[in-house]
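For reference, the structure is listed below as structure tokens.
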Protein chains: 2
Amino acid sequence: MPAVKPDLETRLAEDHHQAIKLWLRLLTCTNLITGQIRTRLREHFQTTLPRFDLLAQLERHPEGLKMSELSKRMMVTTGNVTGITDQLEAEGLVRREPDPQDRRAFTVKLTPLGRQVFARMAQEHEGWVIELFEGLSSSEKEQMYTLLGKLKTHLNGKEARR
Amino acid sequence: MPAVKPDLETRLAEDHHQAIKLWLRLLTCTNLITGQIRTRLREHFQTTLPRFDLLAQLERHPEGLKMSELSKRMMVTTGNVTGITDQLEAEGLVRREPDPQDRRAFTVKLTPLGRQVFARMAQEHEGWVIELFEGLSSSEKEQMYTLLGKLKTHLNGKEARR
DNA sequence: TATTGTTATACTCTATAACTATA
DNA sequence: TATAGTTATAGAGTATAACAATA
């Protein structure tokens with residue numbers, strides 16, 4: 001039906017192309033979701049998304065991560081990682097372990113308490129996320145996960161190559 | 001090959017399920033991308049992501065949007081929309097038009113300058129985004145766009161129902 | 001009374017850069 | 001000299017709530 005106009009709500013000027021449309025939509029979805037998650041993390045756990053993200057990074061890396069690695073993974077400066085780590089350490093959720101090979105460096109790890117607290121947060125969090133993502137079927141979520149995996153690999157590759 | 005361990009880099013504890021894995025990956029990708037885009041928007045255009053997002057919302061709605069609509073779409077409070085709109089209005093990129101039907105309300109629109117500036121930003125921006133997304137093929141980007149569309153519809157539906 | 005938008009305030013995150021200690 | 005991480009500071013976004021004008 002060539003006579004049907006594109007949906008106004010999602011229409012973009014003709015000179016915008018695939019990648020930017022994708023990015024704008026990704027940005028919109030992410031803002032909608034992060035807004036929800038941020039509110040609920042604050043109300044239920046008195047915490048924030050960057051703090052949650054840092055814990056999640058550590059949960060996936062039981063061997064711990066250097067401050068600089070966290071900085072790269074989270075795309076923020078080491079100064080900012082210091083601040084977030086300070087807060088989490090004050091709450092007893094993470095600890096800095098001195099690096100025996102390099103006395104300037106630390107390895108940041110979850111404490112047992114941190115692992116426990118993150119597990120609880122992650123569990124409740126999962127309920128919210130299931131709700132927010134229930135517009136997609138299981139196989140669609142799987143597809144999206146796979147696509148994001150490719151994207152992530154590419155982005156990490158760019159990062160590593162700098 | 002059932003004997004092969006899952007990739008450490010992407011492995012999650014067994015009790016994490018599909019939606020949360022998807023969300024954590026989405027969050028990681030988004031952080032990596034927004035970090036890049038934020039830096040470049042600042043360096044090239046002395047602007048920020050929320051400001052860019054607001055302009056992008058208006059670009060997709062030539063008829064203009066109410067402050068409250070912007071607030072909903074961007075998932076931030078009306079107070080914050082006021083602040084961002086003030087900045088953009090001071091730069092001459094948007095303007096508030098009084099609503100003839102409701103003298104409390106405004107319709108925010110792009111000015112011709114705003115449309116021009118956004119077009120320039122969007123063009124350069126597109127180059128960055130193409131680069132950041134080049135880990136995906138054209139058809140993969142299309143798939144992801146479609147999936148995000150479904151997700152967005154669901155999220156907006158939730159919002160509208162509140 | 002309820003709603004639209006503004007204002008004020010406090011807190012967090014982010015960016016920049018100077019700095020210390022170590023490599 | 002270069003690197004890992006800290007500290008200090010300023011700027012921006014965000015949350016909360018009180019407020020004015022209008023519905």
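A, B, ... follow the sequence lines: proteins, then strands. Residue 1 opens every chain. As the structure is a computational prediction, the values presented were derived from the model and not from experiment. Hydrogens, waters and symmetry mates are skipped; everything else that's a heavy atom, side chains included, is used.
Whole-Å rounding puts the A/D86 CG to D/dT7 C1' distance at 10 Å.
For A/R38, there are no salt bridge (charged side-chain N to carboxylate O under 4.0 Å, His left out) partners, not counting sequence neighbours. By the salt bridge (charged side-chain N to carboxylate O under 4.0 Å, His left out) test, B/E89 pairs with B/R96, sequence neighbours left out. With sequence neighbours excluded, the residues satisfying side-chain contact (heavy atoms from CB on, under 4.5 Å) with B/D99 are B/K66, B/Q101, B/D102, B/A105. Checked against side-chain contact (heavy atoms from CB on, under 4.5 Å), A/S138 has the following partners two or more places apart in sequence or in another chain: B/Q18. With sequence neighbours excluded, no residue forms a salt bridge (charged side-chain N to carboxylate O under 4.0 Å, His left out) with B/R103. Every residue meeting the side-chain contact (heavy atoms from CB on, under 4.5 Å) condition with B/S137, not counting sequence neighbours, appears here in chain and number order: B/S139, B/E140. By the salt bridge (charged side-chain N to carboxylate O under 4.0 Å, His left out) test, B/K141 is found to be paired with no residue, residues two or more places apart in sequence or in another chain being considered.
In this structure, the nucleotide among D/dT6, D/dA2, D/dT22 sitting nearest to the side chain of B/R103 is D/dT22.
Bracketed by its first and final contacts, the part of DNA chain C lying under 4.0 Å from non-hydrogen atoms of chain A reaches from C/dT12 to C/dA23 in 5' to 3' order.
A/F52 has its ring centre less than 6.0 Å from the ring centre of A/H125.
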Show me the donor-acceptor pairs within less than 3.5 Å that the side chains of residues 113-120 of chain B make with the rest of the protein, sequence neighbours left out.
none

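Scanning residues 89-101 of chain B for heavy-atom distances under 4.0 Å to DNA chain D yields an empty list.
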>> Treating primed atoms plus P, OP1 and OP2 as sugar-phosphate and everything else as base, which nucleotides of nucleotides 8-16 of chain D get B, S or - for protein heavy atoms under 4.0 Å?
In response: ----SSBBB
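Among residues at least two apart or in separate chains, salt bridge (Lys or Arg N to Asp or Glu O under 4.0 Å) pairs with a member in residues 43-55 of chain B are B/R51-B/E91.
B/S68 comes within 4.0 angstrom of sugar-phosphate atoms only, judged by non-hydrogen atoms across all strands, and of no base.
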